[in-house]
Amino acid sequence: LASATAVIAAAGSGERLGAGGPKTFVEAHGRSLLAWSLVAFKAAEGIEAIVIAGPPREQGRVFEVAERAGVEATVVPGGDHRSQSVANALEAVRTDLVVVHDAARPLVTAELIEQVVARLDRDPDVAGVIAAAPVTDTIKEASVSRRVLRTPERSRMWAVQTPQAFRTAGLRAAIAEHPDDLGIVTDDAQLVERSGGEILIHQASPDNLKVTTPRDLKIAEMLLAERSGT
Ligand code: CTP
Ligand code: MG
């Protein structure tokens, strides 16, 4: 299996969850959100290193979480925006392939990580492979004033997740080409797309949800409990 470095974006402040601190350290079913992701990456074949972008003022705490999860990781301070955190972590990556993941997705599995990396490795023409689930709601695009502009065909819409696997050089180049967009983009693939790179979707389970609100945390806890049979 191809070898890749994991980049974990874990430097957010977790405003919408409102837990009074970074979401990364919030517990769900007995482990912090970050620890759940680390355990999955540790179990994934071909992951040769892990770089975590953590909250700048809590680097020590990130180390402790990694240590307790039995993971040897490099910890770097995150930036003001998610893409900046990823850019910071990329500086410590030494492999040709990288797989970016949000610590806010504790339901990621080793299998899903292996699948996106393997799919990327198989095809030299592909710049990135991203996990995504088909949407079940109809999606409308609206103006700022909420006037509906269009209704894209639902069967072709995907709700994008992480992990997202890229060629390290390609992702670095895409970030360097769009320095002003780092505060706007919500996933890494967007930057690579804009640079003309081909991105493929790998269908993943909607269970691989992002914990954003207290409601998401409740659902994640339920799914983690169900998965571990306790
Ligand atoms: N993230 C990051 N660096 C930032 C902002 C976000 O590494 N400057 C990470 C978060 O830690 C999270 C992922 O990007 O794992 C997705 O971001 P989001 O869900 O928005 O998390 P937060 O920014 O922490 O939450 P909020 O926007 O509610 O404050
Ligand atoms: Mg955020």
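We count ligands from 1, going down the list as the structure has it; atoms in each ligand are counted the same way.
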query: Near ligand 1, which residues have a heavy atom under 4.0 Å away from one of its atoms?
result: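 Around ligand 1, where the cutoff is 4.0 Å for heavy atoms, the contacting residues are Ala9, Ala10, Ala11, Gly12, Ser13, Gly14, Glu15, Arg16, Lys23, Gly79, Asp80, His81, Arg82, Ser85, Asp102, Ala103, Ala104, Lys210.
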field: Ile184 side, atom CD1; Leu191 side, atom CG - distance, nearest 0.5 Å
entry: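 Reported value, rounded in 0.5 Å steps: 10.0 Å.
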field: Spacing of Arg172 atom CZ and Arg167 atom CZ [to the nearest 0.5 Å]
entry: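 The distance works out to 14.5 Å.
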Below 3.5 Å, can you tabulate the donor-acceptor pairs from side chains in residues 129-139 to any protein atom, sequence neighbours excluded?
none

Distance-only donor-acceptor pairs under 3.5 Å for side chains of residues 112-126, two or more places apart:
unit_1: Glu114; atom_1: OE2; unit_2: Glu45; atom_2: N; d: 2.8
unit_1: Gln115; atom_1: OE1; unit_2: His202; atom_2: NE2; d: 2.9
unit_1: Asp123; atom_1: OD1; unit_2: Asp125; atom_2: N; d: 3.2

- prompt: Any link between Phe166 and Leu182 through a network of hydrophobic side chains (Ile, Leu, Val, Met, Phe, Trp, Tyr) touching at under 4.5 Å?
  reply: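 Hydrophobic grouping puts Phe166 with Leu182.
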Enumerate donor-acceptor pairs with a distance under 3.5 Å from any side-chain N or O in residues 30-44 to protein atoms, sequence neighbours excluded.
unit_1: Ser32; atom_1: OG; unit_2: Ala35; atom_2: N; d: 3.1
unit_1: Trp36; atom_1: NE1; unit_2: Ala28; atom_2: O; d: 2.8
unit_1: Trp36; atom_1: NE1; unit_2: Arg31; atom_2: O; d: 3.4
unit_1: Ser37; atom_1: OG; unit_2: His101; atom_2: NE2; d: 3.0
unit_1: Ser37; atom_1: OG; unit_2: Arg105; atom_2: O; d: 3.3
unit_1: Lys42; atom_1: NZ; unit_2: Ala69; atom_2: O; d: 3.4

